[in-house]
Amino acid sequence: MIAGSAAAQDKPQVTVADYTRANHQLAPWTVPLVDHAVRSAHWIDARRFWYVDSDHGVPTIMLGDAVAGTKAPAFETLGLLASLNAAGLKERDATKLGFENLEPNAAKTSAIVSIGGERYDCGLARPYVCTKLPALGAGQIAGYLVQRGAAASAVLSPDGKRAVFLRDWNLWVRDVASGAERQLTRDGVKDFGYATDNAGWKHSDQPIVIWSPDSRKVATFQQDQRAVADFSTTTTQVGHSRVDMWKYPFVGDKEIIHIQRVIVDVDDGRVLRLKMPADLHRSSLCDDVVCGEGPQDMQWAKDARTLAFVSTSRDHKVETVRIADASTGAVRDVFAETVPTWFDSGYNDEGINWRYLSERGQILWWSQRDDWGHYYLYDAASGKLVRQVTQGRWNVDHPVHIDERSGRMLIAGVGREPGVDPYYRSIYAVDLNGGKPKLLTPEKQDHIAVPSDDGRYFVDIYSTPQQPQSAVLRRADGSVVEELAKGDATRLRNAGWQPPETIAVRCSDGRTLCYGLLFKPAQLDPQRKYPVIDYIYPGPFIGTIASRQFSPSMGDANALAQLGFAVVEIDALGTPRRSKAFQDFYYRDMGEQAVPDQVTGIKDLATQYQWLDLDRVGIWGHSGGGNATAAAMFRFPDFFKVGIAESGNHDNRNYEDDYYEKYLGLLTSDGKTSNYDLQANQDLAKNLKGKLLLAHGLLDDNVPVSSTLLVVDALEKANKDFDLILFPRAHHGYGDTSSYMMRRRWDYFVENLMGATPPKEYKIVGPGAVR
């Protein structure tokens, strides 16, 4: 392994053995080396739950009983594996079993095990006998029916009896038991279809519907994109290329997507159009109408008589909460919130935080109006504020469970406890009627709470970047019922893994602390100097470090450390989960977004660790991180010597309308200049001094490849040397070429930042997915 100064050596070699050690820091090799780690838990009913524990890499399905306070293996894994293979699984390695679901029958004599997208009915008594089950007209995965070999996915009703899907721009319903299909809407046409999923950057055949609790109606919309400009990608192949085309509005476009809100009665097919003008294609949180799983900006009352929803202005400054009568279509405004910059209703990775508390006749609203994310309770009839539920210099991260009748809540919060990393989530008990939050999870780690249906218990999974997951079962008052598992990283450490160090460094404003991680070079010699690689994702909807939960590989950060680099990750100004002022820091100045904080942070870190070589600092990132990487190379050309910008959105006038119109503002221009000029990387390309590698997929349907080609064009015109990798068949992520991109990234830093020669065409084995 090479870690010393390249100036003192004659083009040293980094060997195949060095790359192999780095390769083995990548998932999935590291994950089985952690024993007894629980990554998730799933409740079967109000008292029973299941989770997967592992011992020496072999996963075991555990069944827990919250009331009895017991846990036990549902199966002996090796015996189950033999039975699954006899039923057709074809998997010989027990460590590769990925259990997706478990459904015990009422008699507790057997359970349906879902694995690899297939379902097997297995007896719970030895010797196990497993029978492969037919697909549910498709496979039921995470609440959806996925059509095998057909055109679309279908969304299951709450009672599991029906599923709606799209066909020819209209909604259809399928009876799950019989497979019988019936058309629900009939006037949907191309580019004006029902429940269609298109945000420009995201487009699929998944219908966007919210089922009513009684499984009789769906809330959705007819999406009008007839006047919106087209976007296309062209395949690379022998013969005539295939052109894929869809509607994709850009920043500043006059015509963008609108939605006409409707409620469809699934019993009789009646379409009730809400009595209001068409809404803009916007969400109170993400750059789509929907934001992942869980509650959305359309939420039904428990009795299905009313529907609450939020209308968002084009610039995301005004949010209007409305309630519709599900029988008449009448709509009334409840209240609105207007902000000076942009509004979010939560954090993108956790989902929308507001809730329609119909049994109480109230709206629980999440807002950063006092500079911190807190809950406010509104009367749903009058729209008047009832009370502020939480307050202080900390954030409610997301709700865990809400008991409407009692007013008791479980929430996750960040930044409240002194001496705890401000990004670690703690779980609290809160009362809607007032009072101080009660801390339920005293461990100074990042907590994930999985509540029972009635909220009386929750599985608490906690870890840090240095300590693997442990899990306990708690009552709603925080008391521990039993320990479920305690992660053990002994074998992982013995295999050469070393944990990252949590760091706090000065942000570019000179007074705020930015937090992050430092991955120290393997076999560190503090008397030597090590090149630095800065991994960046600039926000503002998510930071560089997506999670503080334990993850052995952390992308390829640990792998790069094995090669002799110090790897730095900093959640800069302009990223979430701190104050609103922190998150808004680069509003209207997104060209520099998060980059100055990398410079001040690394310089501050170098005062603590003299072995960091500030003369050899590199940077890389993907998507928004690709944008920030090029910005760093052009704005700080004397500090960053090597950069790798993957799939960067280098000029957001060439990106979908919803993203930057929110974070930079609506496009304004006098015909010569605009408020978007400062964020255009191609205008700064002439400043390049170091080594820059650009990469992009030619089929990228998220960030158009033209975004990178604008930079290519500017670099060529400025007579600058640079490197370019194009993936003819890749989309925004690089799919089966991800490992190739990772190897080229290692090579580029080894050769140009370390000053060494990498092994020729080393083949990384296994997935190389970008975080």
Side-chain angles (χ1 to χ4, degrees), residues 23-24 26-44 48-64 71-150 153 160 176 469 471 484-485 487-488 491-492 495 552-553 735-736 739 765-769:
N23 195 167
H24 279 81
L26 302 173
W29 292 273
T30 54
V31 176
L33 294 178
V34 179
D35 295 322
H36 305 298
V38 176
R39 302 302 295 268
S40 187
H42 313 268
W43 287 86
I44 300 166
R48 294 183 301 161
F49 60 96
W50 69 274
Y51 60 97
V52 176
D53 192 4
S54 63
D55 186 15
H56 284 70
V58 178
T60 299
I61 301 177
M62 302 292 293
L63 274 173
K71 61 179 182 180
F75 305 94
E76 186 274 319
T77 301
L78 295 180
L80 176 64
L81 177 61
S83 300
L84 289 170
N85 281 323
L89 178 64
K90 298 180 181 179
E91 175 58 71
R92 303 302 171 186
D93 187 349
T95 66
K96 294 181 180 179
L97 285 174
F99 296 111
E100 296 157 356
N101 198 17
L102 182 76
E103 305 168 56
N105 66 4
K108 302 180 182 180
T109 56
S110 70
I112 297 174
V113 178
S114 298
I115 184 170
E118 304 288 352
R119 302 164 72 244
Y120 302 85
D121 191 354
C122 300
L124 293 172
R126 296 182 186 180
Y128 309 123
V129 176
C130 293
T131 304
K132 187 175 181 179
L133 298 176
L136 293 174
Q140 183 181 347
I141 303 173
Y144 297 103
L145 287 174
V146 182
Q147 276 283 88
R148 297 186 188 279
S153 297
V176 172
Q469 284 80 5
L484 302 178
D488 184 348
R491 290 194 303 128
L492 183 63
S553 61
D736 59 6
S739 292
V765 180

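Expressed to the nearest 0.5 Å, how far CD1 of Ile115 lies from SG of Cys122 amounts to 9.5 Å. To the nearest 0.5 Å, the span separating CD on Glu103 from CD1 on Ile112 amounts to 4.5 Å. In this structure, the separation between CG on Leu89 and CD on Glu118 is 9.0 Å, given to the nearest 0.5 Å. Expressed to the nearest 0.5 Å, how far CD1 of Ile44 lies from CZ of Phe49 amounts to 9.0 Å. Going from atom CG of Leu97 over to atom OG of Ser54 covers 12.0 Å, rounded to the nearest 0.5 Å.
Of the possible polar contacts, none joining the Glu91 side chain to the Asn85 backbone as a donor-acceptor pair under 3.5 Å is found. At distances below 3.5 Å, not a single donor-acceptor pair connects side-chain atoms of Tyr128 with backbone N or O atoms of Thr77. In this structure, the side chain of Asn23 engages the main chain of Val765 through a donor-acceptor pair within 3.5 Å.
Closest heavy-atom contact between Leu102 and Ala111: CD1-CB, 3.7 Å. Closest approach of Ser83 and Val129 over heavy atoms only: OG-N, 4.4 Å. In this structure, Asp35 and Pro32 approach most closely via the heavy-atom pair OD1-O, 4.1 Å. The two atoms that bring His36 and Ala485 nearest to each other are O-CB, 3.2 Å, heavy atoms only. Between Asp53 and Leu484, the shortest heavy-atom distance links the atoms OD2-O, 4.4 Å. The nearest pair of heavy atoms linking Pro134 to Arg119 is O-NH1, 3.9 Å.
Contact of the Pro552 side chain with the Leu33 side chain is not registered, since no non-hydrogen atoms from C-beta on lie closer than 4.5 Å. Between Cys130 and Val113, every side-chain heavy-atom pair lies at or beyond the 4.5 Å cut-off. Looking at Asp55 and Thr60, their side chains never come closer than 4.5 Å, going by heavy atoms from C-beta outward.
Only one option out of Leu124, Leu81, Leu84 pairs with Phe75 in a side chain to side chain contact (heavy atoms under 4.5 Å, CB included); it is Leu124.
The aromatic rings of Trp50 and His42 sit parallel, their planes meeting at an angle under 30°, below the 60° perpendicular limit.
With sequence neighbours left out, Ser110 forms a side-chain hydrogen bond (donor to acceptor under 3.5 Å, both in side chains) with Asn105, Asp121.
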